Amino acid sequence: MNDMTPLKAADFATDQEVRWCPGCGDYAILKGMQRTMAEMGARPENTVFVSGIGCSSRFPYYMETYGFHTIHGRAPAVATGVKLANPELDVWIITGDGDGLSIGGNHMLHLLRRNLDCQVLLFNNEIYGLTKGQYSPTSRTGTRSPSTPYGSVDAPAEPCAFALGANGRFIARCIDTAQKQMPGILKRAHAHKGASFVELYQNCIVYNDDVFADFTAKPVAADSQIWLEHGEPMLFSNGTKGLRLNRDDLRLEIVDVVDGDWQAADVLVHDETRKQIAHMLVEMRHPDMPVALGVIYCDPAPSFEQDMRTQNIEAAKGKVVDLGALIRKGQTWEVNQKKMREGNAHLAAAADENKREPSL
Amino acid sequence: MNDMTPLKAADFATDQEVRWCPGCGDYAILKGMQRTMAEMGARPENTVFVSGIGCSSRFPYYMETYGFHTIHGRAPAVATGVKLANPELDVWIITGDGDGLSIGGNHMLHLLRRNLDCQVLLFNNEIYGLTKGQYSPTSRTGTRSPSTPYGSVDAPAEPCAFALGANGRFIARCIDTAQKQMPGILKRAHAHKGASFVELYQNCIVYNDDVFADFTAKPVAADSQIWLEHGEPMLFSNGTKGLRLNRDDLRLEIVDVVDGDWQAADVLVHDETRKQIAHMLVEMRHPDMPVALGVIYCDPAPSFEQDMRTQNIEAAKGKVVDLGALIRKGQTWEVNQKKMREGNAHLAAAADENKREPSL
Amino acid sequence: MATQLKDQPAAASEREAVTVRFAGDSGDGMQLTGGQFTLSTALAGSDLATFPDFPAEIRAPQGTLFGVSAFQINFGSDAIETAGDAPDILVAMNPAALKSNLDALKPGGLIIADTGEFGARNLKKANYDENPLENDSLKDYQLVAFDISALTLESVKEFGLGNKEALRSKNMWTLGLVLWMFDRDRQPILDWLHSKFVKAPELAAANAAALNAGHAYGETAEIQQGLGRYHVGAAEVEPGLYRTVTGGESLSLGLVAGASLVNLPLFFGSYPITPASPLLHTLARLKEFGVTTFQAEDEIAAICAAIGASYAGQLGVTSSSGPGIALKGEAMGLAIITELPLIIVNSQRGGPSTGLPTKTEQSDLYQALYGRNGDAPMPVLATRSPVDCFEVAIEACRIATQYMTPVMILTDGYIANAAEPWHVPDIEDFQPAPVTHYEGEPVSPYKRDEKLARVWIKPGTPGLMHRIGGIEKNFETGNIDYAPANHQKMTDTRQQKVMNVADSIPDQAFEIGGPDDDMVVVGWGSTFGPIHQAVKAARRGGAKVAHVHIRHLWPMPKNLGPLLKGFDKILVPEMNTGQLKTVLRDQFLVDAKPLNKVSGQPFKIAEIKAAITEMLP
Amino acid sequence: MATQLKDQPAAASEREAVTVRFAGDSGDGMQLTGGQFTLSTALAGSDLATFPDFPAEIRAPQGTLFGVSAFQINFGSDAIETAGDAPDILVAMNPAALKSNLDALKPGGLIIADTGEFGARNLKKANYDENPLENDSLKDYQLVAFDISALTLESVKEFGLGNKEALRSKNMWTLGLVLWMFDRDRQPILDWLHSKFVKAPELAAANAAALNAGHAYGETAEIQQGLGRYHVGAAEVEPGLYRTVTGGESLSLGLVAGASLVNLPLFFGSYPITPASPLLHTLARLKEFGVTTFQAEDEIAAICAAIGASYAGQLGVTSSSGPGIALKGEAMGLAIITELPLIIVNSQRGGPSTGLPTKTEQSDLYQALYGRNGDAPMPVLATRSPVDCFEVAIEACRIATQYMTPVMILTDGYIANAAEPWHVPDIEDFQPAPVTHYEGEPVSPYKRDEKLARVWIKPGTPGLMHRIGGIEKNFETGNIDYAPANHQKMTDTRQQKVMNVADSIPDQAFEIGGPDDDMVVVGWGSTFGPIHQAVKAARRGGAKVAHVHIRHLWPMPKNLGPLLKGFDKILVPEMNTGQLKTVLRDQFLVDAKPLNKVSGQPFKIAEIKAAITEMLP
Ligand SMILES: Cc1ncc(C[n+]2csc(CCOP(=O)(O)OP(=O)(O)O)c2C)c(N)n1
Ligand SMILES: Cc1ncc(C[n+]2csc(CCOP(=O)(O)OP(=O)(O)O)c2C)c(N)n1
Ligand code: SF4
Ligand code: SF4
Ligand SMILES: [Mg+2]
Ligand SMILES: [Mg+2]
């Protein structure tokens, strides 16, 4: 592969037949990702896709990069090892609502908290696709599925609210079919140093078809989606509506925008660094409110692997790397001739570095 | 045991020697709990303490109730089974910052999301006590411990922020030594139908002594703790300071209160049902702000086991419980005489209830 | 059985047994077709066994090799115990189905193919350079190829369905044809169609029309050479009520029955995984039987919730497949040391790791017996067939509650999905063993009965408050105790308690043959069918070989050791690299020889027979 | 060795070996006292072995029975391989220490007790109705009791410490006395005190004063009957540099050395658990050796991160104890099927479940060999002693990288915490086996070398992008493949690859004895010492018994089968219910007899010797 030739989207496709159901939303995300890779000028050899198990987690097989299809829920943990071992790699985590938030919720929490520099793409189809349609932790209450024939009773998890609570510092949302916006969001996620969490609403045509149609279907899209841009007013419905901050109730509310005069309507300008706004945005519920999409929150902080690496280097500074000397450390003595140990020994300085008992 | 005699705190103590280090904060919490039990008139036989593993998780052995000391991180899962099997039981979960937020973070997330009616007490000593002092997910960045001799680099998790992100509907905080407030908070947690999450700052005198002293020590307590009461103004420093909501910045800020006239200082009245306020309260960081204590958030919703039970009852309604009939269901036929099956059979109605293939 | 079928089809002929394989695209509805043909076969009185074989993908792209879904049925007038070594008839709905199933077809076997699907695109997807229906490549088989697609479209024309929808009835058309070949009554299938499509009567009608058209095609059309009619006689069976049942259904019903016999509500905590999910799905619909199903956040939570439910007095059950069972190991230890009843069902699949989720294997026996930290003994039972699941589940409920112990049930993907006729038992024939939770005077929670089972005191009982947990407990008081002698005593007690289960189980019987034979074939689980048939066949050939099939894998029946020691030649066929073999050699110091197959496919009778012949020339 | 000590102390006497047990409250600093006495013993040239035995509680309430912490040392002029069956001398710092350790003391042994701690409160905490120092109850022992507390306070008076702080020096006072008894040089301890308390010189001085006072007490005070002086000679040893090392230290150093020999950075992912944590703690301080340590959120994350690091080209290591290893089973399968190098260290503890966290046991062998779903073979190595850990770790690094496979190391809590003298090796004596990540022309990621190890291509390498994962892969291409024949081939290949490791390991040797003996005792792990001593003793008594100790538990050395088959009598002592026994019987069909001890305590030499005598009367 010639480093000089810019790669096209197709160069990021593998020779493997794609094994999703025809019409699955995963195809669109794959396309969006391949395009993004090309547009970013990503280097395939430096890119690693790590996934768990689920329909979505088949993703790495279709990306002509390095890829690791691991086990259910554990992609964040494997990715942590990959990135700590080689911080130069671009690590993308592909997961589903079951993989990432059911069995894998804990690793997700700690990945976000630690702020490992990587991108997490959570394909949320509100269902377990691969195991044939059981409800998932993001399924709406009342979801009928093979495991909940009378409807689920538990309240769903909200992935972005969870990510914020876990101290995630980059939170974004997108829709499988939003090919226009997707590359921009993925590039932002990639550019963000630290853990970037992107929730992708993905249609499972077989087990949960059109579950997002109430806000993704063409006719309703404009009125029910708000695409956020840092520094831009929060407008939707083709600019005829906006969100205003109700400072007493501490919530966002819909206002009409007449003739594009959003200032007059007191429409809020999106500041992606404000966590309180982010809380409000992710908690907005359709149909009362539009669904917040785009980069909802971005407030960078030092990343885990960088701080680890820095500490490792600092700790090593000035120390002699001598294996022979290392094993000779501690309390040593010399036996000079066969048969009898020499009583006169010397005590090494670092005597009890490792003694663990707290009290003398 | 005579049901009529009111039980005293001492009646909730077992005959087991308490095995915590002398001076450990766990003693105070145990005392507070035994007092609370007595004050609430709790019935020992209907009370179950379920814990994971850790110093704190030894708690059940010291409560003269039912108790289950399970395995590391899994108390919420075990408790879910207990409560689903018998919703009449009062279930208390005892966990630590390692048990509940490190290995057990996922179960905690789902317990809170599902809203199982139980009380979760997270003993946060910001350290792994039982395994001799390694840093924990709540340890502050820079914590030196046997596993982080050069200081931890990762950002800590904030238990209450996590619980809010997980859709927890009752969030409270207390301090081991706050014996005055503790019974009240525990009673509120108990009264709340649904999952109640209580973070208890607990001093580990051996491995993390005084890590909370900056806001718990007597001399600084009044100025650095704010005890919240629903419907009451947010006052601290013996009423000379309060919190005002800065509606532009969307944050709480400290104001002086002169002569108790908090209205004049625009001090906010605590409304525990407001999630946005709860976000701000749990995100307040000492020493810039006081530490929020008491019931921070309480906004009840139907509880998991009740909804499950209701559904189970509804689903059973009108159905005949006949095991013989059940196994005869499906596609049956009769063989009338030995040796040869009868070709003339009948088809039961519920033929292919369980057929799984989506398309014909 | 199928392998005895010597003469190849010519005209309508009497057969002792026939194996048919329906193969098509995942979207072609082959499992459903197979299921209905199974029903029809059962109704006709033949004995039968089936083998559904479907891809891991939900809906692989149409026409691809990995998207092929197949359903095999073996039926006959003698007892049938396997789905047949090699099909006599292969129905191939597209090129990919032909390609991936041809190898299995018996030499000279019959192929029924839908030419309508053998277009260039589909041929390419199946990696065919030429149309195999049109060159010589199938000359060793009998080929009957015609445009089933077109015939189907024609037959449902009047219902005005879209092309795509109309083509969905292809499978019913084909089923109609096959029903004609075996002279079957269409009415039950027609009834079923109407009940299935009760909300879409036009679909019911279209499918019925397709079915009838396929049947009529056989009856009236100019039949090509080779498409004859067969008659397979009814099997000798006990009188009574019969139904077809899959292992998944049978195990679910067994758990419900078992819980009812011990008089406890059933708590089922599970996390979906192939091929274990059917249990969750079936039980979720049986709430009126006191069943609570809980889809947990992961396998660990699922088993822990089941343990919690058992602690609270219900019968906790959890279920998964290999990778999920691996996650439950730590919690099993907790159930062992706290001595709580619990049932763990492992529907095994191909491993290691994610492995081959939809393929069958018996490679989790090691894990079941040995896969925990510490000395952690646990009874292990295996199911041998779909029908057998029912009894095994009841037995597990009994052992778990009588001995206060977790019990593992090993089944597998093959058993879970395969169907066979079930002589529905009379529930009254099973011995109830109702549990009573202790409610008497205060006692130690570790007080034991003569079997060494501890008392079961459930929270909520006044005056009996106590604490249990995963740390070693004092033998007398149940308080934490690390003392050396106590740990030894508790370890021995836990061990002995599990061994005591052997007092309550039947002696190991011979399935065929007896102690005087020269050789014994020992199996467990779903290899029952092929072993049984292979041993029968070998005996017909004069070999003195017996068959022993173990249900109680731990503890083993008390007579098993002496029984096996009576044989010089012991063959242990397993769909793993030799796991039961390890146990037999360890326990009884017998020279058990492994016969291993780890391909994700059941044994063929011929494979086992060959191994018998080799050992017993 | 200790058991030969026949004559009881009277005056200063020559001893071949002596066992001393220091026992006191957790707060009394017994582990430290033992550690310093160990150092002093090593410096005096004796061979030695130690057994730290501490409670599960961090700091149990003072004076309680479960709060007793003990440290036993056995030292002598002959080779010492166990911490001694029964102490000759028991130092009891309080009633609880006396109560819980008296049983172990040799009949007629010496008790040194601090009367200052035998007040009513402490007696009650230890469940003594009367003061045992004052009634007849110790008449079968020699008792030397005086007020060590008071004497200590007196000795440190001048430093103006608080009472509580002053009493902390009791252990140094006692150590001083014991040093006197064995005629030891105090200087090394004094040096150590000064380096330890470099920031609190007054504490250093106080402790030094107490040490000297204890010594002087022996030297000058009116010694009660029985408190004599002993001389234990120096042991015969190879010349060279020595140090004391615990298993935890030795294993850490071995991992660092092993990674360096294969020329890879070491990635250590772990989650704290007793008794495995010392590895994490030690390695966390060795960053300059290219070590990255990662404290994960749980055991699953720890192994998965290690797998990720291996995938990225480093040497991934993870470590835990039984319950944590149970959680890693699923991920081990992933490492097996993706054929990545990985080392899993299990520091075993008492089980099942949480069990006895601070007690030792060998009960995770089943789990190591068999505890995974699917056919999932993995090399398993065992360490036999603290010193042995170093070599075993190096060997694990070699196997993991040469064969592209996870490797499990079994050690235990006893080995992890015990110390012994280590003849520090020359690192140059170890053969480097540097790894080269593949960087050539594009190849299948499953391309194998003659050993069957696949290529290791690390992300970041241009032109070699590929995908791996937990689903079965095609033998040639590495793409997903569910085909039956391929699965069989891959299963066989994984199996064969692991068996090939046996080509690279030494033949099994005899520790003592040889093929002509009448009986062999086969062990693994930390039972080495007692087995070795018991066999030696039995041989001295004329028994023709050999000792074989297995490091390579899987695959086993190729000659092991033939070797064992040469014996009619095979005894397998294990601190479990008979796990290696299962493997030997299965693999070699030999009548291996188990000798089991599951009390959380190491075997006594006498126990094994008795079993030998029974089998070889
Ligand atoms: C340990 C383990 N448990 C369970 C499974 C079965 N399983 C595979 S994927 C999946 C859930 C898939 O849901 P999701 O993550 O939402 O992905 P989707 O298929 O919807 O893209 C489950 C339960 C497994 N493979 N491994
Ligand atoms: C599966 C498993 N992993 C690890 C451990 C070891 N372990 C016991 S308690 C604990 C952490 C304790 O920390 P925390 O929950 O904060 O409780 P604390 O002791 O501080 O009260 C750990 C890591 C274990 N017992 N089981
Ligand atoms: S089951 Fe759903 S998510 Fe999975 S591939 Fe099919 S459409 Fe996509
Ligand atoms: S180690 Fe810390 S948390 Fe544990 S008992 Fe001691 S003081 Fe309490
Ligand atoms: Mg999903
Ligand atoms: Mg803690």
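Bear in mind that the values here come from a model prediction, so they are computed numbers and not experimental data.
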Value for NE2 (His107(B)) from CG (Asn106(A)), rounded to nearest 0.5 Å, stands at 7.5 Å
Return the option, out of Ala163(A), Gly105(A), Ser303(A), with the maximum number of heavy-atom pairs under 4.5 Å with chain B. Gly105(A)
Checking Arg251(B), His279(B), Glu283(B) against Gln276(A) for side chain to side chain donor-acceptor pair (under 3.5 Å), the one that qualifies is Glu283(B)
Any idea which heavy atoms bring [X] and [Y] closest together, and the distance?
X: Asp248(B); Y: Arg274(A); answer: O-NH2, 2.7 Å
X: His110(A); Y: Leu101(B); answer: NE2-O, 2.7 Å
X: Tyr150(B); Y: Lys319(A); answer: OH-NZ, 2.9 Å
X: Val153(A); Y: Gln311(B); answer: CG1-NE2, 3.8 Å

Taking side chain as everything from C-beta outward and backbone as N, CA, C, O, which of these in [X] sits under 4.5 Å from a heavy atom of chain B? Side chain, backbone, both or neither.
X: Pro156(A); answer: backbone
X: Asn167(A); answer: side chain
X: Ile103(A); answer: backbone
X: Met280(A); answer: both

Most chain A-contacting option - heavy-atom pairs closer than 4.5 Å, from [options]:
options: Lys275(B), Glu314(B), Met108(B); value: Lys275(B)
options: Ala155(B), Ala161(B), Gly104(B); value: Ala155(B)
options: Gly133(B), Gly151(B), Ser102(B), Ala166(B); value: Ser102(B)
options: Pro302(B), Ala157(B), Cys160(B); value: Ala157(B)

Side chain, backbone, both or neither: which part of Leu250(B) has an atom under 4.5 Å from a heavy atom of chain A? both
In terms of heavy-atom proximity below 4.5 Å to chain A, should Pro146(B) be classed as side chain, backbone, both, or neither? neither
Would you check if the side chain of Arg114(A) reaches a backbone N or O of Asp154(B) as a donor-acceptor pair within less than 3.5 Å? no
